[in-house]
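What follows is a set of notes on a single structure, which appears directly below.
Heavy atoms only: backbone and side chains are in, while hydrogens, waters and symmetry mates are out. Lettering of chains follows the sequences in order, A, B, ..., and the numbering in each one begins at 1.
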There are 2 protein chains.
Amino acid sequence: MDDHPMILEGLKSLLQSDTTLEIFTFTKGEAFLDFIRGNTVDLVLLDIVLNDGSGLNFCKTIKKNWPKTVVIGISNQAERSIIFQFLQNGANGYILKNADAQEIINCIQDALNGKVAFSNEVQQIILSQPHDALAIPKLTKREKQILTAISSGYTTPQIAEMLFVSPMTIETHRRNLLQKFKAKNMIELVRIATEYKLL
Amino acid sequence: MDDHPMILEGLKSLLQSDTTLEIFTFTKGEAFLDFIRGNTVDLVLLDIVLNDGSGLNFCKTIKKNWPKTVVIGISNQAERSIIFQFLQNGANGYILKNADAQEIINCIQDALNGKVAFSNEVQQIILSQPHDALAIPKLTKREKQILTAISSGYTTPQIAEMLFVSPMTIETHRRNLLQKFKAKNMIELVRIATEYKLL
DNA sequence: TTTGTTCTACCGGTTTACCGTGATATTTCA
DNA sequence: TGAAATATCACGGTAAACCGGTAGAACAAA
């Protein structure tokens, strides 16, 4: 399933060489859900559009209701944090769109055989940095709220007024945020959070 | 030209219906440059990978040496600022990858007829906001250098030491940066710069 | 009910950021 | 070669950020 007609076409023509596969393509999540309710689906190639995070949630939905269905993410995004986010939602594999045909077919076969499948480049990314930045700091609602306000340029006293709490409280949250991200100051933190797609 | 085999396949199968077109595909810029030096190229569909900005430069190169060649950008990026950056480099049109087949074909025909061609969604994006954020602030080398350091969490005295200049100088640059972006403080500026893909 | 998490709040202190208003080199390019 | 643009440095002041430590109240889950 992909919302890009071009990519759908390309995938189809790549995969049609394998005659053991029966292929259906969808551009909308609802249409696919209708389909899977009435059919057995072995494998889903799911395009990850990260802007809104809908791909993540969709993966979670599929794995929750049809855990036997293999889900492989396809994306241009080559960021570590994104890949892990997707895997944490139950995905069976992750492929970058610049992978070549054979690579993609191999990954699909591996995934169908119960393995966790990555394209070569993804493999490298996963192995690149050790376990340091592996975990994305988890923010509470309040922290997200405050971080958003900070990233918009609001100062501590301003945010305190907006949220009807003491400036001291905001300061405490700030310090907790800096600690969680191991950032030197809010400027660095905002850059990191933006890279992690948290803002 | 695209570095995604899948997308290349898709485009080819979409465009092959039009028999008046002769189609070649390239995944590397050099290979294409070799080709265009020995052949007349009417139209180039150029994938914009914005991470490194190479697509932008490539467009500029083509239009500089072969101004008659029509260049259309293809991208997933739907951001205003990016589209304008590309058009400022001489592009004849801009298409999002989620455009459907007919839309793409129409754009190509329009572009070949001398029009500036946008896919529907791009059109909407261009018309969405008035001319306020149309211009991306232009930064000097020094300013980029300092902004990068700031976004990495370095303070004014630290940066001054790194660049062997007075802290006062760094402060001046900071104030110029804030003015150029009309930002309240550096935190907001870093967020804006990140959104504009300047960092 | 107890443990754990989150949200709240405070003190005292140092450092950094930001503002207004200047000025003088250095480089770039027409 | 001269006008722009860019880079450099400065004073004096206010506001905000950051640091270390502390701790009660609200809430949810075990």
Side-chain angles (χ1 to χ4, degrees), chain A residues 60 64 88 134-196 198-199, chain B residues 57 60 64 85 88-90 134-196 198-199:
Chain A
K60 204 188 290 181
K64 191 173 183 179
Q88 277 166 13
L134 202 148
I136 299 178
K138 284 175 187 169
L139 301 184
T140 67
K141 287 178 189 173
R142 205 52 159 175
E143 284 171 341
K144 277 182 192 171
Q145 196 175 19
I146 292 171
L147 179 53
T148 303
I150 291 173
S151 76
S152 299
Y154 293 107
T155 66
T156 294
Q158 285 176 330
I159 299 171
E161 236 184 296
M162 295 191 296
L163 301 182
F164 304 107
V165 293
S166 162
M168 308 290 194
T169 304
I170 305 298
E171 268 207 53
T172 304
H173 283 299
R174 289 181 89 111
R175 269 184 289 139
N176 291 338
L177 283 166
L178 287 181
Q179 276 200 338
K180 283 192 180 180
F181 282 86
K182 292 169 188 169
K184 292 195 276 287
N185 53 39
M186 278 297 157
I187 296 175
E188 190 188 14
L189 193 159
V190 166
R191 209 204 73 243
I192 295 172
T194 307
E195 282 176 2
Y196 280 173
L198 295 178
L199 281 177
Chain B
N57 291 331
K60 203 188 292 180
K64 191 173 181 179
Q85 276 183 48
Q88 277 166 13
N89 278 14
L134 201 148
I136 298 177
K138 284 175 188 170
L139 301 184
T140 66
K141 287 177 188 173
R142 205 52 158 175
E143 283 170 341
K144 277 183 191 170
Q145 195 176 19
I146 292 171
L147 179 53
T148 303
I150 291 172
S151 76
S152 299
Y154 294 106
T155 65
T156 294
Q158 285 174 330
I159 299 171
E161 236 184 294
M162 295 192 295
L163 301 182
F164 306 106
V165 293
S166 161
M168 307 293 195
T169 303
I170 306 298
E171 268 207 55
T172 304
H173 283 299
R174 289 181 89 110
R175 270 182 288 142
N176 291 338
L177 283 166
L178 287 181
Q179 276 200 339
K180 282 191 179 181
F181 283 86
K182 291 170 189 167
K184 290 195 277 287
N185 53 38
M186 278 297 158
I187 296 174
E188 190 189 14
L189 192 159
V190 167
R191 210 204 72 245
I192 295 173
T194 307
E195 283 176 0
Y196 279 173
L198 296 179
L199 282 179

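- Within 4.0 Å of Thr156(A), counting heavy atoms only, lie sugar-phosphate atoms of the nucleic acid but no base atom.
- In this structure, Arg174(B) reaches the sugar-phosphate backbone alone: every heavy-atom distance under 4.0 Å involves primed, P, OP1 or OP2 atoms, never a base.
- Note: CD1 (Ile170(B)) to P (dC18(C)) measures 13 Å, nearest angstrom.
- Listed here is the closest heavy atom pair of Ile170(A) and Ile146(A): CD1-CD1, 4.0 Å.
- Atom CE in Met168(B) sits about 16 Å away from atom P in dC18(C), given to the nearest Å.
- Atom CD in Glu188(A) sits 7.0 Å away from atom OG in Ser152(B) (nearest 0.5 Å).
- Computed from coordinates, the Glu188(A) CD to dT16(C) P distance equals 15 Å when rounded to whole Å.
- Across all strands, Asn185(A) comes closer than 4.0 Å only to sugar-phosphate atoms, never to a base (heavy-atom distances).
- The separation between Arg175(A) atom CZ and dC19(D) atom C1' is 7 Å, rounded to whole Å.
- At a threshold of 4.0 angstrom between heavy atoms, the contacts of Thr169(B) include nucleobase atoms, whether or not backbone atoms are also involved.
- Regarding Lys184(B), its NZ atom lies at a distance of 15 Å from the C1' atom of dA16(D), rounded to whole Å.
- When rounded to the nearest whole Å, the span between CD of Gln145(A) and C1' of dT8(C) equals 14 Å.
- At a cut-off of 3.5 angstrom, counting only N and O atoms as typed in the model, there is a donor on one side and an acceptor on the other between the side-chain of Glu171(B) and the base of dC18(C).
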